[in-house]
Amino acid sequence: MSRVMEGDLVIIGAGTAGSYLGWRLGQRGHRVYLVEKQKAGEPGSHIGIFHVDEIRFAQFGIPLPEGDELIGYYPEGRAWPPDGDEAQIVRYPFYVMEMPLFIKRLQSYATGAGAQILFETEFTGLLLEEERPAGIKARTASEELIIKAPLVIDASGVDGVGRVSLPASLGVETDPIDPQDFLYVILQYWDDLEEDFPRGLNFYPFHKAFINPGYGEGAIVGIGQPEKLEIAAQVQEQFLKERFPGVKYRLVKKTWGRTPYRRPPFSLVADSFMVVGDAAFMTKPFSGEGVTSGFTACQIAVETADAALQKGDTSREQLWPLNVRYFRDQGAKFAGLMAQLLVAAELSRNDVNYLFSRDIIFSGYDFEQMNRYFWVKMGPGRLLKTAAALLGGRLSGKLSREGFAALMKAMNSSEAIKKHYERFPENPADFPPWEAQARELWKRN
Ligand SMILES: Cc1cc2nc3c(=O)[nH]c(=O)nc-3n(C[C@H](O)[C@H](O)[C@H](O)COP(=O)(O)OP(=O)(O)OC[C@H]3O[C@@H](n4cnc5c(N)ncnc54)[C@H](O)[C@@H]3O)c2cc1C
């Protein structure tokens, strides 16, 4: 026999996205259940230190971190070319924080707003009535649970356990994420560092590597590479050999994790169902960070879910505004960036060195714009300068023919994909042709 509970909505996963949703929907007076398979205090502990752009705290109404949660505040960072010491200064502030404590804080906001978090409770399947979700099934060490609710939100992270359990007929892609579609992130926590080892925030985009602040005087030497964990380990080793030969340090610990590196499902909603955060592949394509980009969708999901619940109608049509508002804005930019990155991976080391040296694509300005707006705004002057530098690079042979062609292709395809997402259909009836064309555009990449 299962114990039966009832709420207005049930959220799978109390990580960053789920806890934020629980907080905001609880504040709106809904009876919220969150199921979390880990113990209280565990979510986020496999990552430890992470960072969040300063501007996002005000955007999402989250108080700034303090106490043990706060590792440091960094008003700027440096972006490094593949070779040489001419770093670009990126004037864009970040908070470096302790993830388990940040999640604990969000969870305390959620419970303060009346949400109930059931820890050590694993989602095991959707409760279906007439082929549509009517709640979830879950289990603890000692019992089976049924939580009935007119809305289920999947915030279960990369594996999207709710999404993959949906009946395929509901119109959301249900295939599990392919292991090749992850960014495998390895973090090495180093201590006892030499004087001249880089401090603060440092990005090495060619290797997809970074050196960030660790605990005390230490640093985190990290990498994020697609396809395979072994590839990430190899590139990290190579990066360290090239950049820091013979460096002395003490390895405190080494961890790794996965973030999605692929386009989101074409629809984030079905009857009585929504999916957000890593479960919907909403990480920033250029960095793999996903906490605040997930909040963007959560914020829209809160307004959409609230309106639907108040109306007593959680049909796909009522939940559709999450698709429209997400994909026409952040979703369109991320789709464009993803298309760009897939092609730009073909740039050679020399190409990237050249682009760094000419302050284009990899300039401090570009990095700042990318983080702030998820798109680099180009006035006519900058556009002209970029075009001239690209052409000049090709004519002088400093930019390879393949690199030049890849950049041209990246610009075209990313514009086409972004524009297509900006036209995401207002009406679900117009979705099938939109989806067919989107598939076609991705195939061309
Ligand atoms: C090494 C590493 C470093 C990162 N650094 C940063 C960074 O600096 N900044 C940044 O913004 N992002 C960073 N990210 C990405 C970021 O961690 C994720 O994008 C973000 O945590 C996604 O939040 P989420 O709530 O969608 O998923 P998660 O945080 O993964 O939460 C999902 C929750 O669902 C629970 N769950 C899963 N399955 C079930 C089930 N069957 N039943 C019940 N519960 C379940 C999980 O236990 C988990 O607590 C990093 C990722 C990695 C791997």
Side-chain angles (χ1 to χ4, degrees), residues 12 126 128-134 150-156 159-178 180-181 260-283 285 293-294 296-298 300-301 303-305 307-309 311 313-340 342 412-445:
I12 311 167
L126 291 166
L128 296 173
E129 277 175 17
E130 293 171 8
E131 285 288 291
R132 82 185 251 179
L151 180 61
V152 175
I153 307 185
D154 184 3
S156 65
D159 294 316
V161 293
R163 182 182 62 81
V164 301
S165 318
L166 278 176
S169 58
L170 290 186
V172 174
E173 290 151 274
T174 54
D175 46 320
I177 182 167
D178 188 314
Q180 294 219 338
D181 287 341
Y261 193 60
R262 52 153 290 168
R263 64 160 180 84
F266 290 122
S267 171
L268 309 170
V269 305
D271 284 332
S272 301
F273 182 86
M274 292 171 145
V275 58
V276 293
D278 274 16
F281 318 139
M282 289 170 172
T283 38
S293 50
T296 306
C298 290
I300 305 169
E303 288 166 25
T304 309
L309 287 166
K311 221 173 159 186
D313 177 1
T314 52
S315 63
R316 180 175 184 244
E317 286 68 27
Q318 288 300 320
L319 303 178
W320 197 254
L322 171 59
N323 275 340
V324 180
R325 290 175 57 193
Y326 181 76
F327 284 125
R328 285 188 179 181
D329 188 3
Q330 181 177 291
K333 291 174 182 165
F334 280 14
L337 286 174
M338 181 55 83
Q340 234 171 57
L342 293 174
N412 284 334
S413 56
S414 82
E415 268 310 310
I417 284 195
K418 179 166 170 277
K419 285 215 166 81
H420 187 63
Y421 275 79
E422 284 167 350
R423 292 190 296 265
F424 193 93
E426 189 86 45
N427 186 338
D430 299 325
F431 178 65
W434 180 90
E435 182 187 359
Q437 202 185 334
R439 280 189 192 283
E440 203 43 51
L441 286 168
W442 282 113
K443 226 189 274 167
R444 280 189 223 152
N445 255 276

Query raised in the report: How far apart are the C-alpha atoms of Arg163 and Leu268, what are their side-chain angles, what is the distance that settles it, and do they pass the side-chain contact (heavy atoms from CB on, under 4.5 Å) test?
Result: CA-CA 9 Å; Arg163 182 182 62 81; Leu268 309 170; over 6 Å; no

Requested in this report: Can you see which heavy atom on Ile300 is nearest to which on Pro321, and at what distance?
Outcome: CG2-O, 4.2 Å

Report task. Mind listing the closest non-hydrogen atom pair of His420 and Ala438 along with its distance? Result -> NE2-N, 3.4 Å

Query raised in the report: Would you find a donor on one side and an acceptor on the other, under 3.5 Å apart, between the side chain of Ser156 and the backbone of Val161?
Result: yes

Query raised in the report: Less than 4.0 Å between a side-chain N and a carboxylate O, is that true for Arg263 and Glu173?
Result: yes

Query raised in the report: Looking only at atom types and distance, does a side-chain atom of Asp181 sit under 3.5 Å from a main-chain N or O of Arg262, one as donor and one as acceptor?
Result: no

**Report entry** Chi angles and distances behind the side-chain contact (heavy atoms from CB on, under 4.5 Å) call for Trp434, Phe266
**Finding:** CA-CA 9 Å; Trp434 180 90; Phe266 290 122; 3.9 Å; yes

Query raised in the report: When you look at Lys333 and Glu422, which way does the salt bridge (charged side-chain N to carboxylate O under 4.0 Å, His left out) test go after all the steps?
Result: CA-CA 9 Å; Lys333 291 174 182 165; Glu422 284 167 350; over 6 Å; no

Query - Side chains of Asp271 and Ser315, donor plus acceptor under 3.5 Å - result: no

Query raised in the report: Between CD of Gln330 and OG of Ser293, what distance do you get to the nearest 0.5 Å?
Result: 5.5 Å

Query raised in the report: For the ring-ring contact (aromatic ring centres under 6.0 Å, His included) test, which of Trp320, Phe334, Phe424 pairs with Phe327?
Result: Phe424

Requested in this report: Locate the shortest heavy-atom distance separating Leu128 from Pro167; write the atom from each residue and the value.
Outcome: CD1-CG, 3.9 Å

Query - Asp159 side, atom CG; Ile12 side, atom CD1 - distance, nearest 0.5 Å - result: 12.0 Å

Requested in this report: State plainly whether the residues Asp329 and Arg325 are in salt-bridge range, i.e. N to O under 4.0 Å.
Outcome: no

Requested in this report: To the nearest 0.5 angstrom, please state how far the CE atom of Met274 sits from the OG1 atom of Thr304.
Outcome: 4.5 Å

**Report entry** Any donor-acceptor N/O pair, Arg316 side chain to Pro428 backbone, under 3.5 Å
**Finding:** no

Query raised in the report: Is a side-chain donor or acceptor of Thr314 paired with a backbone partner of Leu151 at a separation under 3.5 angstrom?
Result: no

**Report entry** Ion pair check, Glu440 and Lys443, cut-off under 4.0 Å
**Finding:** yes

Query raised in the report: At what distance, to the nearest 0.5 angstrom, does CG of Asp430 lie from CG of Asn427?
Result: 5.0 Å

Report task. Mind listing the closest non-hydrogen atom pair of Leu441 and Ala416 along with its distance? Result -> CD1-O, 4.1 Å

Requested in this report: Could you tell me which non-hydrogen atom of Ala270 sits nearest to which non-hydrogen atom of Leu166, and how far apart they are?
Outcome: CB-CD1, 4.5 Å

Query - Residue pair Leu319 / Ser272: nearest heavy atoms and the distance that separates them - result: CD1-N, 4.0 Å

Query raised in the report: side-chain contact (heavy atoms from CB on, under 4.5 Å) between Val275 and Ile153: does it pass, once the steps are laid out?
Result: CA-CA 6 Å; Val275 58; Ile153 307 185; over 6 Å; no

Query - Donor-acceptor contact present, side-chain Ser165 to main-chain Leu126, <3.5 Å - result: no

**Report entry** Passing candidate, side-chain contact (heavy atoms from CB on, under 4.5 Å) with Asn323, options Pro425, Ser267, Pro264
**Finding:** Ser267

